[in-house]
Trainee: 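Here it is, the structure in full.
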Amino acid sequence: MHLFDQVSPAPADPILGLSDTFRADPRPEKVNLTVGVYQDEAGKVPALRSVTEAELRLTKSGRNRSYLPISGLPAFNEQVQALAFGEGSLLPGTGRIASLQTPGGTGALRVAAEFIAQVLNKRSIWVSKPTWANHPAIFARAGFEIHDYPYFDAKNHGLDREAFINALKAIPEGDVVLLHGCCHNPTGVDPSAADWEQIAGICRERKLVPIVDFAYQGFDRGLAEDTVAVQAFAATDLEFLVASSFSKNFGLYQERTGALHVVADKSQAAGRVLSQLQVLVRTMYSNPPAYGAHIVATILNSTELRAQWESEVAGMRNRIRSMRELFVQHLKNAGVSKDFGFLLEQNGMFSFSGLKPAEVEQLREEHAVYMIGNGRINVAGITSDNVERLCQAIAKVLS
Ligand SMILES: Cc1ncc(COP(=O)(O)O)c(C=O)c1O
């Protein structure tokens, strides 16, 4: 008997596993709409020009090579706090926010989970049905009991507003509730500004602990406009958490760059929270990776680079929007009778196509078109080159 004989193989990650199958597929016309990365018109994951310029500046400036503080690069924390809470927000100036640079948005969520479980002694969380598969996995690993609240109305391809709001009202007092700040993954369906006000009001009334997962800032309507959910919470006297990711909006997938913001009722409490977060981080990964944070801070601190970055984010957002339009138009042209107009109402990179698991499988097997089994597509994987083939394939499968 050897030590590792007792270790059974873990199942492959459902999304990343599909990417491996896609890579091994020899068919040259294959189309990948699975993994959540932005791709440009050439189907490539682009390096933003603002990022490349910031890298050049960093190389020339000879940055400090020592460890970062446990809570990360101060210039980064200051800038990304202002970004997440939106221009004009008074909160960042109050000292009520404990901000911490983390290894990506996933790192922010995991640190939040450890903090809530170990320091606040809460272990019950509510997530939307459906949600990003890693949400329940991250919180279960930190010892949470996972519950879900209704969210998506599959019949109308939109928000199941009534069921969602009623379920929020019934969540036990003091529980944690995870919400998507914008561009809900996997459905692309978001609450309206008025809904967010109502949601924040319910969270306040029920004394819930909201975590806003903010992985796609800038991919819905704009960097400032997309703070609507965060602003709705900030407008109350709620204590809440925000997990930001810079993987998508800076194209920093590899650099693991994110932030956790914990909003306390007063600045003394924020100081105590930060001290506990630092203890947790010290025992998990000691301090965060520096490179991505230096890039983000360089861009946000330079008027010129910031303007360039904002226009590049707008470029990504607009390309996705126009691919949604092209997709819907080509489906019509291919003779698909089902109305896919709802795709135009959905936000960000993802949409629930409404295609059934058997149809998704047939698309993969017979047409080399890859999407997630639940019908989620990454709209950013569509290009003017592949859209016609993609829509012809869907037409054949639906006929
Ligand atoms: C909803 C959601 N939250 C968080 C993340 C985490 O992003 P990362 O850890 O790559 O920064 C993702 C990434 O796909 C996501 O879709």
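No experiment lies behind these values; they were computed from the predicted model shown. Read the numbers this way: they start at 1 and go in the same order the structure lists the ligands and their atoms.
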Trainee: Restricting to non-hydrogen atoms, name the atom on K30 and the atom on F22 that form the minimum distance, rounded to 0.1 Å.
Mentor: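 Nearest pair, atom of K30 first, then F22: NZ-O, 3.0 Å.
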Trainee: Need the list: ligand 1 N/O atoms against protein N/O atoms, distance under 3.5 Å, rounded to one decimal.
Mentor:
residue, atom, partner, partner atom, Å
ligand 1, 3 (N), D213, OD1, 3.4
ligand 1, 3 (N), D213, OD2, 2.6
ligand 1, 9 (O), G105, N, 3.3
ligand 1, 9 (O), T106, N, 2.9
ligand 1, 9 (O), T106, OG1, 2.5
ligand 1, 9 (O), R256, NH2, 2.7
ligand 1, 10 (O), S247, OG, 3.1
ligand 1, 10 (O), R256, NH1, 3.3
ligand 1, 11 (O), G105, N, 2.8
ligand 1, 11 (O), S245, OG, 2.7
ligand 1, 11 (O), S247, OG, 2.6
ligand 1, 14 (O), K248, NZ, 2.9
ligand 1, 16 (O), N185, ND2, 2.8
ligand 1, 16 (O), Y216, OH, 2.7

Trainee: Are the ring centres of F350 and H184 closer than 6.0 Å?
Mentor: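 For F350 and H184, the ring centres are not under 6.0 Å apart.
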Trainee: What class does the angle between the rings of F342 and H157 fall in, given that below 30° is parallel, 30 to 60° is tilted and above 60° is perpendicular?
Mentor: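 Aromatic pair F342/H157 classed parallel.
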Trainee: Among residues two or more places apart or on two chains, list those pairs meeting side-chain hydrogen bond (donor to acceptor under 3.5 Å, both in side chains) that have a residue in residues 100-113.
Mentor: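 Pairs touching residues 100-113 that pass the test: R110-E114.
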Trainee: Under the rule for side chain to side chain contact (heavy atoms under 4.5 Å, CB included), what residues qualify as partners of K266, not counting sequence neighbours?
Mentor: Q268, A269
Trainee: Considering only distance and modelled atom types, tabulate donor-acceptor pairs under 3.5 Å from the side chains of residues 358-365, sequence neighbours left out.
Mentor:
residue, atom, partner, partner atom, Å
E359, OE1, K356, N, 2.8
Q362, NE2, E366, OE1, 3.3

